[in-house]
Student: 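I'd like to ask you about the structure that follows.
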Amino acid sequence: MKKEVTVPDIIAENKIRRNQMFSRFNPISGEGSVGERVVVSIPDFPIPKQWLPAAMAGNAFVKSLVEHKGIDGFLRNVMGVEPTPEDREAVLDRFVRLRCLHDFPFWAATFVYIKNKDVGQPDCLFRLTYPQRRFVAMLERTRLAGKPIRIILLKARQWGGSTTSQLYMAWLQLIHRTGLNSLIISNYNEGARKIKGMFKKMIKEYPVAMLHEVGDVYSEKEDKLVGVEGSSLTQLVPQRNATISIGSSESPDSCRGGDYALVHLSEVGLWKATDGKKPEDMVRSACSGVLYRPNTMIVYESTANGVGNFFHNEYVAAKDPTIKSQFEPLFISWFDIELYQLPFAGKDELMAFARWLLDNRYNSSTNSDREECGKYLWWLWEIGATLEGIHWYVEERAKYHDHGSMASEYPSDDVEAFVNSGSAVFDKYCVEALRDATKTPPRYVGDIYAFGDEGEDALRDLRFKADAQGLLWVWNMPDPPNPDDPEVVTDRYLTVVDVGGRSHKADWSVIVVFDRLLMMDGGKPSVAAQWYGHIDMDLLAWKAAQIAAFYDNSLLVIESNTLETHDKERDVDGDQSAAILSQIKGIYPNLYARKQSQDAIVQGLPVRYGFHTNVATKPMIISTLVKVIREGLYVERDRRCIDEYLNYEKKPNGSFGAKQGTHDDLLMTRAIGLHICFHEMKLPQVVTRSSNNLKYVPKVISAASF
């Protein structure tokens with residue numbers, strides 16, 4: 001039985017979280033620093049007690065210093081000389097260089113100057129904050145494992161993730177190996193100039209001696225950064241034979257790959273298509289020369305910019321353990337940042353806040369639009385926020401008129417970071433729960449073919465043919481009917497068509513097949529197959545009929561709009577449903593028809609085919625979809641549909657539609673199909689085979705090879 005949470009439990013856990021965030025961190029002594037540490041004592045060192053990286057503590061030189069109780073003992077007992085100031089300095093220099101090789105936080109806090117965020121204050125040494133230490137811990141874990149570093153970094157706020165990434169690359173270049181070239185690309189030209197300025201500031205203050213090996217002859221006045229063949233984009237650190245190239249997505253030529261081992265792409269989620277190049281094309285070009293081997297590094301870093309774009313897709317892929325991505329994801333929440341903590345006036349106020357949080361953990365209502373409900377604030381506690389962090393959030397939230405505005409500035413998790421619209425129709429966490437069952441790519445890719453392209457011939461000799469370029473994705477093939485089986489399953493499949501436009505700039509046409517078999521035993525319907533593309537309307541009609549027929553002559557539902565009620569938010573070629581239905585209604589045997597009133601039946605009015613989407617039915621089917629998603633009542637297979645759910649919103653005029661620049665074609669097939677699936681169709685059932693339910697036998701060509 002789960003133990004009931006109490007206020008003392010919350011206070012105790014809060015102390016643990018606060019200690020973790022604000023524990024003593026001294027990058028010079030190493031106390032509280034990144035990675036596994038070993039405490040060593042060297043009495044005659046400037047810092048007698050140090051917490052060294054475990055790999056360094058095992059070094060023979062360090063072991064000898066500890067064994068002989070310091071520098072003087074090492075010089076006398078190991079080197080056989082009487083200590084002099086010069087000898088002591090040489091041993092200390094050797095130790096510091098070794099420490100720099102193993103300890104990035106020490107190197108950064110000792111030698112790396114950056115611009116002070118306090119206006120008017122002089123430049124300062126780079127000391128890692130708590131979120132920066134988390135980032136470096138991931139970098140070091142990968143490097144020490146001998147693996148290539150590949151990280152996709154989702155930023156909550158400006159906590160210095162970009163600076164940390166770029167200085168870590170500099171550490172690899174200046175300390176670890178010669179000949180490592182780096183490329184840093186920002187989303188705009190001014191950003192590129194700032195990055196260039198940061199590196200120039202750092203290298204200007206960097207000791208020349210640290211660029212050379214011990215014993216090298218050098219001049220204190222030698223250049224530490226020089227141009228390369230007159231290029232303003234690339235500069236060379238001659239002592240390390242390492243180049244630093246800076247560019248921006250506004251200048252696509254600067255994104256071209258070369259002999260790079262280290263690449264940082266800044267704000268890649270905000271990159272815009274330029275000169276016919278998509279962001280993914282520029283990313284591919286920039287990273288093409290980076291080999292997949294140790295001592296290489298690629299970091300995609302950005303704030304979120306909606307879903308369904310390159311950065312979002314890459315982050316989701318990195319997060320999904322079922323997808324083989326080279327990248328690891330990292331998200332830093334606002335409550336991981338030390339700045340966003342509001343202390344309490346005293347213990348009594350702290351206890352009262354914890355009590356209020358516990359008592360209101362199931363409360364989903366608020367008194368105004370400038371606060372969050374107790375349920376949300378308790379969720380913040382459950383995902384790791386401190387009480388002081390939640391206290392800060394409550395006060396900061398009063399500045400914003402809705403949750404979306406606050407979430408866009410201070411997202412609490414990576415889902416909220418990508419989806420922060422206050423007018424979202426679907427609960428983003430319920431939507432994300434559907435993503436686990438998606439399977440992209442599907443089991444089979446190809447298309448349905450027949451004896452002919454139209455008329456009765458279009459439904460003869462139906463067969464699936466595998467084709468990597470095909471537009472039909474199949475997750476589950478229909479079971480091949482057995483004519484000798486005395487029983488068949490009725491109402492198993494449902495096929496829904498959303499009519500798009502012909503041009504590639506218009507909305508997509510979608511044909512989706514739902515498998516309802518498991519509903520017989522209280523299970524869920526699932527997406528079995530889907531055709532997705534642009535096509536002429538007459539060809540779409542026969543394609544829909546063929547797919548529906550292939551799936552056991554399933555009920556075929558074609559969306560219908562009138563010109564008067566046509567959804568202005570959608571880019572389709574007017575109402576094409578009548579033309580499509582007229583093509584197939586006399587041939588395909590199982591078309592969906594709208595229910596007729598008793599008067600219409602008495603008057604003998606013609607049957608009206610297709611699902612009519614209008615101002616009355618659209619809210620109805622969207623409401624059904626809201627419930628289905630909220631309760632997880634169906635199985636989705638296409639990740640693109642998940643993204644459409646996250647981009648769907650309620651407009652200021654009260655209508656529903658996709659956000660600007662996104663689509664809702666997949667979503668509409670689910671809205672129509674799931675409404676019919678749950679509210680209009682009978683449950684599948686096993687019946688005795690008769691002449692009225694005989695099935696053709698579909699043929700599958702080369703599907704097994706996929």
Side-chain angles (χ1 to χ4, degrees), residues 1-25 31-32 34 129-131 133-134 137-138 154 156-157 159 319 329-400 402-404 406-407 409-417 419-420 422 427-433 436 630-632:
M1 184 175 179
K2 189 175 181 181
K3 180 179 179 291
E4 183 68 23
V5 178
T6 65
V7 170
D9 292 335
I10 295 174
I11 299 299
E13 174 62 25
N14 190 63
K15 185 176 181 179
I16 293 172
R17 296 179 186 181
R18 294 276 297 175
N19 286 342
Q20 183 178 15
M21 177 177 288
F22 295 103
S23 61
R24 178 171 171 78
F25 166 64
E31 184 179 3
V34 173
T129 63
Y130 176 65
R133 296 199 295 275
R134 282 187 56 194
M138 176 181 278
L154 173 60
R157 288 282 291 169
W159 49 268
K319 188 180 176 183
L330 177 63
F331 170 73
I332 301 295
S333 172
W334 60 265
F335 58 75
D336 290 315
I337 302 171
E338 301 100 313
L339 181 65
Y340 305 131
Q341 304 280 317
L342 182 61
F344 295 96
K347 184 177 180 180
D348 289 344
E349 186 181 14
L350 172 66
M351 296 287 287
F353 188 84
R355 167 55 62 190
W356 180 91
L357 193 67
L358 183 63
D359 291 345
N360 287 273
R361 66 189 184 277
Y362 302 121
N363 185 358
S364 58
S365 61
T366 61
N367 294 322
S368 77
D369 59 2
R370 292 183 178 270
E371 59 184 300
E372 299 294 348
C373 64
K375 186 176 181 180
Y376 181 85
L377 297 177
W378 179 255
W379 173 76
L380 291 179
W381 169 256
E382 288 185 314
I383 63 174
T386 63
L387 294 177
E388 287 78 4
I390 300 171
H391 188 202
W392 172 88
Y393 191 92
V394 169
E395 294 300 321
E396 185 69 16
R397 177 67 174 82
K399 288 167 52 177
Y400 299 90
D402 60 32
H403 174 78
M406 178 74 174
E409 294 295 315
Y410 305 100
S412 300
D413 69 356
D414 52 4
V415 175
E416 197 168 81
V419 186
N420 52 50
D427 184 290
K428 53 185 170 288
Y429 300 102
C430 295
V431 170
E432 285 295 332
D436 292 340
R630 184 183 68 238
E631 300 180 12

Student: Indicate yes or no for a side-chain donor-acceptor contact from D427 to the backbone of C430 under 3.5 Å, with no hydrogens or angles considered.
Tutor: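 Flag set: sc D427 to bb C430 pair under 3.5 Å.
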Student: Find the distance between CD (E31) and CZ (R24) and round it off to the nearest 0.5 Å.
Tutor: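 One finds 4.5 Å between CD of E31 and CZ of R24.
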Student: Does W356 have any ring pair (Phe, Tyr, Trp, His ring centres under 6.0 Å) partners at least two apart in sequence or in another chain, and if so, which?
Tutor: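 Partners of W356 by the ring pair (Phe, Tyr, Trp, His ring centres under 6.0 Å) criterion come out as none, since no residue qualifies.
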Student: Quick one: list whatever passes salt bridge (Lys or Arg N to Asp or Glu O under 4.0 Å) with R355, sequence neighbours left out.
Tutor: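 Only D359 meet the salt bridge (Lys or Arg N to Asp or Glu O under 4.0 Å) criterion with R355.
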Student: Counting distance only, does the side-chain N/O of D336 pair as donor-acceptor with the main-chain N or O of S333 below 3.5 Å?
Tutor: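 Side chain of D336 to backbone of S333: a pair is present.
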Student: Which residues satisfy the side chain to side chain donor-acceptor pair (under 3.5 Å) test with E382, sequence neighbours excluded?
Tutor: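 Side chain to side chain donor-acceptor pair (under 3.5 Å) list for E382, sorted by chain: W378.
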Student: Dump the intermediate steps for salt bridge (charged side-chain N to carboxylate O under 4.0 Å, His left out) on R17 and E13, then the final yes or no.
Tutor: CA-CA 6 Å; R17 296 179 186 181; E13 174 62 25; 3.0 Å; yes
Student: Do any N or O atoms from the side chain of D414 and from the backbone of F331 form a donor-acceptor pair under 3.5 angstrom?
Tutor: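 Answer holds: no.
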Student: State whether the side chain of R361 and the backbone N or O of L358 hold a donor-acceptor pair below 3.5 Å, judged by distance alone.
Tutor: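 Flag set: sc R361 to bb L358 pair under 3.5 Å.
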Student: Indicate the atoms forming the closest heavy-atom contact of S412 with W379, along with that distance.
Tutor: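 Reported closest heavy-atom pair: CB-CZ3, 3.7 Å.
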Student: Kindly indicate whether the side chain of Y130, heavy atoms from C-beta on, has any atom under 4.5 Å from the side chain of Q20.
Tutor: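 Y130 reaches Q20 side chain to side chain.
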Student: Rounded at 0.5 Å granularity, tell me how far CD in E416 sits from NZ in K428.
Tutor: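 Between E416 CD and K428 NZ, I get 5.0 Å after rounding to 0.5 Å.
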Student: Are any of the side-chain heavy atoms of T386 and N14 separated by less than 4.5 Å?
Tutor: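 Touching, per the 4.5 Å side-chain cut-off.
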Student: Quick one: list whatever passes ring pair (Phe, Tyr, Trp, His ring centres under 6.0 Å) with Y340, sequence neighbours left out.
Tutor: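 Checked Y340 against ring pair (Phe, Tyr, Trp, His ring centres under 6.0 Å); matches are W392, Y410.
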Student: Does the side chain of L339 reach to within under 4.5 Å of the side chain of W159, using non-hydrogen atoms?
Tutor: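 The answer is no; the side chains never approach within 4.5 Å.
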Student: About how many Å separate CG of L387 and CG of L377, when rounded to the nearest 0.5 Å?
Tutor: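 The distance works out to 11.0 Å.
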Student: Going from CD1 on I332 to CG on L154, what distance comes out if it is rounded to the nearest 0.5 angstrom?
Tutor: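 Rounded to the nearest 0.5 Å, the CD1-CG separation comes out at 9.5 Å.
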Student: What I'd like to find out is whether the side chain of T129 reaches to under 4.5 Å of the side chain of I337, using heavy atoms alone.
Tutor: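 They are not in side-chain contact.
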Student: Quick one: CE on M351 to CD1 on I10, what's the gap to the nearest 0.5 Å?
Tutor: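 Rounded to the nearest 0.5 Å, the CE-CD1 separation comes to 9.5 Å.
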Student: Using salt bridge (Lys or Arg N to Asp or Glu O under 4.0 Å) as the criterion, list what pairs up with E396, not counting sequence neighbours.
Tutor: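 Per chain and number, E396 pairs via salt bridge (Lys or Arg N to Asp or Glu O under 4.0 Å) with K399.
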Student: Would you please classify the geometry between the Y376 ring and the Y393 ring as parallel, tilted or perpendicular, with 30° and 60° separating the classes?
Tutor: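 It falls in the tilted class, 30° to 60°.
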Student: To check you understand the geometry: which heavy-atom pair defines the closest contact between H391 and L342, and what is its length?
Tutor: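 Smallest interatomic distance, heavy atoms only, reads ND1-O, 3.0 Å.
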Student: Quick one: pull up CG in D413 and CG in L380 and give me the separation to the nearest 0.5 Å.
Tutor: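 Between D413 CG and L380 CG, I get 9.0 Å after rounding to 0.5 Å.
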Student: For a 4.5 angstrom cut-off between non-hydrogen side-chain atoms, does E388 reach L350?
Tutor: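 They are in side-chain contact.
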Student: For C373 versus T366, what's the shortest heavy-atom pair and its separation?
Tutor: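 Heavy atoms only, the tightest pair is N-CG2, 3.3 Å.
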Student: Name all residues meeting the side chain to side chain donor-acceptor pair (under 3.5 Å) criterion together with R370; count only those two or more places apart in sequence or in a different chain, and write none if there are none.
Tutor: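 For R370 there are no side chain to side chain donor-acceptor pair (under 3.5 Å) partners, ignoring immediate neighbours.
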Student: With no hydrogens and no angle check, is any side-chain donor or acceptor of Q341 less than 3.5 Å from a backbone partner on G389?
Tutor: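 Indeed, once roles are kept as given, a pair shorter than 3.5 Å links the two residues.
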Student: Report yes if the side chains of S365 and K375 come closer than 4.5 Å at any heavy-atom pair, otherwise no.
Tutor: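 S365 does not reach K375 side chain to side chain.
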